[in-house]
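To keep things clear, I will list the structure first and then write my remarks on it.
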2 protein chains.
Amino acid sequence: MPMNANKPFVDDYLAYLLARSSKLVSEQFHAKVKAAGVSVNYWRILASLSDADGLTLKQLNQRVLFNQPTLSKLITRMVAEGLLERHQDKQDKRAILIFISALGRDLVNDLLHEAKWHESEVLADYSSEQQALMKGMLRQLINTLES
Amino acid sequence: MPMNANKPFVDDYLAYLLARSSKLVSEQFHAKVKAAGVSVNYWRILASLSDADGLTLKQLNQRVLFNQPTLSKLITRMVAEGLLERHQDKQDKRAILIFISALGRDLVNDLLHEAKWHESEVLADYSSEQQALMKGMLRQLINTLES
DNA sequence: TAAATATATATTCCATTTCATATAATATAA
DNA sequence: TTATATTATATGAAATGGAATATATATTTA
């Protein structure tokens, strides 16, 4: 017997609402990403680096929130495919600095444009006040959770 | 050179804000899920079935938004582990109906309690009005995207 | 400074997911 | 009704992800 038959769980569960909306928002756009020959994780890495080139692997991981070995291997593949460059940090020789290559830059610039266009479609029915409110709430939630 | 050096992309990109907040909200709770010996995907399936037992694989997939073969294999494993039951649909013999077993029910009930408690911690600093506003916006976004 | 501890990244091995396709049942069209 | 298309689920091979651990450098402690 359900724990609580008269009140659906997931429809009032924040983590579910976030996961579902996240997936739905990303879904159509990811089809375009794949059409460009890029996996979703590649796109996330490129987008995260697009305004912060030269991060260490650790700093990058704080943005993309992957597992460390997963990111390490993704970087290896992306370097092999010519999308990124890996340089040793002179200050801390354990660390590597990750840069977008010219090829990766072209790719991410295209995708950034498509992403913005896609977002404007998703949010077409929302006023700019509503959009700001929604994004603001999410940013606040992120800040709360990061501290 | 960045496409737009003076305006960070990801911090104003809805899909990123959703993905990041989703991951941050789920993160600590998923540690508890794993501590209960359950993978995150198992938990998502059990939670989705908790208030809608007896869905077809396809209906369930519309809730969890996995790939069809992924869900199919997850179900196979969960049945083998005694958490779920798979029955043929009498009306449509192609379809299978998925039910939670007694064992699965016990497990999910425990996790549902922990999930609610975790959510109340995450949202501790929010008034109930703010909580309702946030969830309402997400539900509206989901509805928009589903139609 | 030597030893111990901590940190950043890489690697190995195994589990899981994905892509493409198969199978079986249903719905539709000729 | 027979052929065709569609739908629901399953499966196999290959790619990817994750847990544990290794390696190399940096930091702290005695």
Side-chain angles (χ1 to χ4, degrees), chain A residues 19 23 26-27 30-46 48-49 52 54-81 83-99, chain B residues 19 23 26-46 48-49 52 54-81 83-99:
Chain A
K23 223 161 200 174
S26 304
E27 210 162 50
H30 286 171
K32 294 189 181 182
V33 170
K34 286 176 195 164
V38 181
S39 78
V40 170
N41 285 346
Y42 278 25
W43 152 242
R44 291 198 161 139
I45 289 169
L46 289 170
S48 293
L49 285 171
L55 298 177
T56 65
L57 193 145
K58 174 154 212 212
Q59 290 168 330
L60 177 58
N61 207 28
Q62 283 160 355
R63 301 191 168 211
V64 294
L65 298 179
F66 296 159
N67 291 351
Q68 180 269 317
T70 301
L71 182 58
S72 189
K73 281 181 266 191
L74 282 164
I75 299 298
T76 299
R77 277 184 259 152
M78 292 175 80
V79 169
E81 292 172 31
L83 298 171
L84 299 181
E85 291 167 16
R86 206 196 310 235
H87 298 294
Q88 193 179 45
D89 186 336
K90 301 297 179 193
Q91 274 72 52
D92 183 342
K93 286 181 191 160
R94 294 169 303 181
I96 60 163
L97 305 177
I98 301 160
F99 294 88
Chain B
K23 222 162 201 175
S26 304
E27 211 160 48
Q28 306 111 320
F29 180 62
H30 286 172
K32 294 188 180 184
V33 170
K34 286 176 196 164
V38 181
S39 79
V40 170
N41 285 347
Y42 278 25
W43 153 243
R44 291 198 162 138
I45 289 170
L46 289 169
S48 294
L49 286 171
L55 299 177
T56 66
L57 192 144
K58 175 156 213 211
Q59 291 168 331
L60 176 57
N61 207 27
Q62 283 161 354
R63 302 194 168 211
V64 295
L65 299 178
F66 296 159
N67 290 351
Q68 180 268 317
T70 301
L71 182 59
S72 190
K73 283 173 207 182
L74 281 164
I75 299 297
T76 300
R77 277 183 261 151
M78 292 175 79
V79 169
E81 293 172 28
L83 298 171
L84 299 180
E85 290 167 17
R86 205 194 313 234
H87 298 294
Q88 193 179 44
D89 187 337
K90 302 296 179 194
Q91 273 73 52
D92 184 344
K93 287 181 191 159
R94 294 169 301 182
I96 60 164
L97 304 177
I98 301 161
F99 294 88

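First the proteins, then the strands, lettered A, B, ... as listed; each starts at 1.
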Practice item. Would you list the pairs meeting salt bridge (Lys or Arg N to Asp or Glu O under 4.0 Å) in which at least one residue belongs to residues 85-99 of chain A, sequence neighbours left out? Key: A:D92-A:R94
**Study point:** Polar side-chain contact A:Q68-C:dA10 base: donor and acceptor under 3.5 Å
**Key:** yes
Exercise for review: Please identify each residue that fulfils side-chain hydrogen bond (donor to acceptor under 3.5 Å, both in side chains) with B:Q88, with sequence neighbours left out.
Suggested key: none
Revision key, fill the gap. Hits for salt bridge (charged side-chain N to carboxylate O under 4.0 Å, His left out) against A:R44, two or more places apart or cross-chain, chain-then-number order -> none
Check your understanding: Sequence neighbours excluded, which residues qualify as side chain to side chain contact (heavy atoms under 4.5 Å, CB included) partners of B:E81?
Key -> B:Y42, B:R77, B:L83
Practice item. Quick one: list whatever passes ring pair (Phe, Tyr, Trp, His ring centres under 6.0 Å) with B:F29, sequence neighbours left out. Key: B:W43, B:H118
Review point. At under 4.0 Å, does any side-chain N or O of B:S72 touch on OP1 or OP2 of D:dT9?
Key: no
Exercise for review: Could you pull out all residues at least two apart from A:T56 that satisfy side-chain hydrogen bond (donor to acceptor under 3.5 Å, both in side chains)?
Suggested key: A:Q59
Practice item. Assign B:Q88 to base, sugar-phosphate, or nothing according to its heavy-atom contacts below 4.0 angstrom with the strands shown. Key: nothing
Anything under 3.5 Å between a protein N or O and an N or O of nucleotides 4-7 of chain C, put it in a table, one pair a line.
from, atom 1, to, atom 2, distance (Å)
C:dT7, O2, A:R94, NH1, 2.7

Review point. Rounded to the nearest 0.5 Å, how far does CG of A:L49 lie from CD1 of A:I98?
Key: 6.5 Å
Check your understanding: Which part of the nucleic acid, if any, lies within contact of B:T76, taking any heavy atom under 4.0 Å across all strands shown: a base, the sugar-phosphate backbone alone, or nothing?
Key -> nothing
Exercise for review: Could you list the residues that satisfy side chain to side chain contact (heavy atoms under 4.5 Å, CB included) with B:S72, not counting sequence neighbours?
Suggested key: B:L57, B:Q68
Please enumerate all protein N or O atoms sitting under 3.5 Å from an N or O of nucleotides 16-19 of chain C, with distances to 0.1 Å.
from, atom 1, to, atom 2, distance (Å)
C:dT16, O5', B:R77, NH1, 3.4
C:dT17, OP1, B:N41, ND2, 2.5
C:dT17, OP2, B:R77, NH2, 2.9
C:dT18, OP2, B:N67, ND2, 3.2
C:dT18, OP2, B:T70, OG1, 2.5
C:dT18, O5', B:N67, ND2, 3.2
C:dT18, O4, B:K73, NZ, 2.4

Practice item. Looking at every strand, decide which applies to A:Q91 at a 4.0 Å heavy-atom threshold: base, sugar-phosphate, or nothing. Key: sugar-phosphate
